[in-house]
Amino acid sequence: MKHLFFCITLILGVITAKAQEKTNPQTIKLSLPVADFSKGLATPNIEIPIVEESNSKANIDIKAEYWDTTVYNPYKDNVEEFPIQLTFNDSTYASPIQRKKVITSRYGWRRGRPHKGIDIDLITGDTVVSVLDGIVRFARYSRGHGKTVVVRHFNGLETTYAHLSHIAVKANDTVFKGEYIGKGGNTGRSTGSHLHFVANYKGEYIHPEYLFKFDNTNAIRSQDIWVTRKWTRPFYHSSRGLAKLTLFTTKEEALASLEKERKVYVVRPGDTLSRISKRNHTSIAAICRTNKIRSTSTLKIGQKLILEL
């Protein structure tokens, strides 16, 4: 009889708790009847607050723009304004390979061509993981890069993992920091087993070592980074070594640096727009736009041109 009475009171308590939960979504009020046959029926109230886990990433739709799972670079028509701000929630990243990172070729000018990423030594079959949380945008064979995975992260940055021997994910998969995405290899235009790692923000290829330390700390250089043109232009760098790194963590520092990237060029005998553009690693279109001249304009000896480098 005592057991039957206790079951009935317990059921009534649960019903009361459910009713309280509906009236106030911020807390749950539990009224738990307790049978005390010496003093009667006691009904203490317990209020439990509801704590919702906030997840800022859930509110970010990184697939809203330029989401193309069939094209390696969907940003060809996009023009970004400098400096570019990148914000990281983490202070560290997951190493893309599970061994000591040995860089065999850096971001920069290499054999007369731009090398827009870094090459990290590995053995075919080595595990490759995503450096940060994100969503797989591209996971297929790409000309030159071979078997390739591109992950878009929640700050807009994309990281590329190229020359893989095996792809373990598919487009639109959500991946977490350190999650397995494939195996290293030598596919595509490659002279040996290595991981070609690229950092890209809306079509601007950023020097990966400006963002990440490729040592055993796996540190992100700053949680707030401002990127200038210098760190998105391979001709400023040599693939054989890391250029002197000046990290900009404020917009003011980055803007001051941009002013220094303007150069005054004095036209010399024999100069043409083509020759000036090649010598200064800029385009004819950029020279014409900055100086408000046409590509067919005649240059005069002693004329001063502003070059945006």
Side-chain angles (χ1 to χ4, degrees), residues 72-73 75 80 82-84 86 93 95-97 99-122 131 142 144-146 148 157-163 184 186 188-222 225-249 253-254 256-265 274-287 307-309:
Y72 172 68
N73 179 17
Y75 300 106
E80 280 298 302
F82 286 88
I84 297 170
L86 280 175
Y93 67 95
S95 174
I97 63 171
R99 61 171 67 237
K100 182 180 179 180
K101 296 181 286 297
V102 177
I103 298 176
T104 57
S105 184
R106 287 185 153 87
Y107 177 101
W109 210 249
R110 186 178 69 174
R111 296 190 292 272
R113 299 180 63 183
H115 186 233
K116 298 179 180 180
I118 63 171
D119 293 343
I120 305 174
D121 191 32
L122 53 67
V131 296
S142 175
H145 286 147
T148 302
L157 184 73
E158 289 191 343
T159 52
T160 296
Y161 312 80
H163 303 314
N186 188 30
R189 191 166 57 244
S190 171
T191 57
S193 298
H194 69 278
L195 175 68
H196 181 63
F197 179 82
V198 177
N200 166 45
Y201 182 80
K202 296 185 178 180
E204 295 291 347
Y205 293 90
I206 302 172
H207 196 316
E209 292 179 89
Y210 184 72
L211 307 177
F212 307 108
K213 290 184 179 180
F214 287 88
D215 55 20
N216 58 3
T217 66
N218 296 334
I220 297 172
R221 293 194 183 273
S222 175
I225 298 178
W226 290 84
V227 183
T228 59
R229 285 187 181 88
K230 177 179 179 181
W231 296 98
T232 63
R233 301 294 188 264
F235 53 72
Y236 278 113
H237 309 275
S238 169
S239 62
R240 296 182 179 181
L242 178 61
K244 183 180 178 181
L245 193 151
T246 302
L247 191 69
F248 302 119
T249 57
E253 291 175 343
S257 172
L258 287 177
E259 289 299 320
K260 295 177 183 178
E261 292 175 13
R262 295 170 63 94
K263 175 182 177 182
V264 177
Y265 182 86
S274 176
R275 190 170 299 173
I276 294 171
S277 67
K278 289 179 181 179
R279 187 181 299 136
N280 292 277
H281 305 293
T282 188
S283 67
I284 294 175
I287 296 174
L307 306 183
E308 295 279 0
L309 304 179

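Because the structure is a prediction, the values reported are computed rather than measured.
- In this structure, the ring of H115 has its center less than 6.0 angstrom from the ring center of H196.
- How far CZ of R99 is from CG of L122: 7.0 Å, rounded to the nearest 0.5 Å.
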Q.
The test is side-chain hydrogen bond (donor to acceptor under 3.5 Å, both in side chains); show your working for K101 and N218 and say whether it passes.
A. CA-CA 10 Å; K101 296 181 286 297; N218 296 334; 2.7 Å; yes
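- In this structure the side chain of V227 never reaches within 4.5 angstrom of the side chain of E80, judged on heavy atoms.
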Q.
Would I120 and F214 count as a side chain to side chain contact (heavy atoms under 4.5 Å, CB included) here? Give the steps.
A. CA-CA 10 Å; I120 305 174; F214 287 88; 4.1 Å; yes
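- Between R233 and E204 there is a salt bridge, since at least one side-chain N of the basic residue sits less than 4.0 Å from a carboxylate O of the acidic one.
- Relative ring orientation between W231 and H237 is described as tilted, the plane-to-plane angle lying within the 30° to 60° band.
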Q) Passes side chain to side chain contact (heavy atoms under 4.5 Å, CB included), L211 versus I225? Steps please. A) CA-CA 8 Å; L211 307 177; I225 298 178; 4.0 Å; yes
Q.
Please evaluate residues F197 and T160 with respect to the criterion side chain to side chain contact (heavy atoms under 4.5 Å, CB included), reporting the C-alpha separation (whole Å), side-chain torsions for both, the decisive distance (0.1 Å), and the verdict.
A. CA-CA 5 Å; F197 179 82; T160 296; over 6 Å; no
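- Contact of the I287 side chain with the N280 side chain is not registered, since no non-hydrogen atoms from C-beta on lie closer than 4.5 Å.
- Atom CD1 of I284 is separated from atom CZ of R275 by 12.0 Å, given to the nearest 0.5 angstrom.
- In this structure, L242 and H207 have side chains that are in contact, with non-hydrogen atoms separated by less than 4.5 Å.
- With rounding to the nearest 0.5 Å, the separation of CZ in F82 from NZ in K230 is 14.0 Å.
- For the pair F248 and P83, the minimum side-chain heavy-atom distance is 4.5 Å or more.
- Put simply, the side chain of P114 reaches to within 4.5 Å of the side chain of W109, judged on heavy atoms.
- Side chains of N73 and Y205 form a contact here, defined as non-hydrogen atoms less than 4.5 Å apart.
- Taken from CG in N186 to OG in S193, the straight-line distance is 4.5 Å, to the nearest 0.5 Å.
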Q | Pair S222-L247, side chain to side chain contact (heavy atoms under 4.5 Å, CB included): steps then yes or no | A | CA-CA 9 Å; S222 175; L247 191 69; 3.9 Å; yes
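- One finds the CD1 atom of I276 at 4.5 Å from the OH atom of Y265 (value rounded to the nearest 0.5 Å).
- We find the CZ-OH distance between R221 and Y93 to be 9.0 Å, quoted to the nearest 0.5 Å.
- Checked by atom type and distance alone, the side chain of T148 pairs as donor or acceptor with a backbone atom of G146 at under 3.5 Å.
- Taking the side chain as every heavy atom from C-beta outward, Y210 and Y107 never approach each other to under 4.5 Å.
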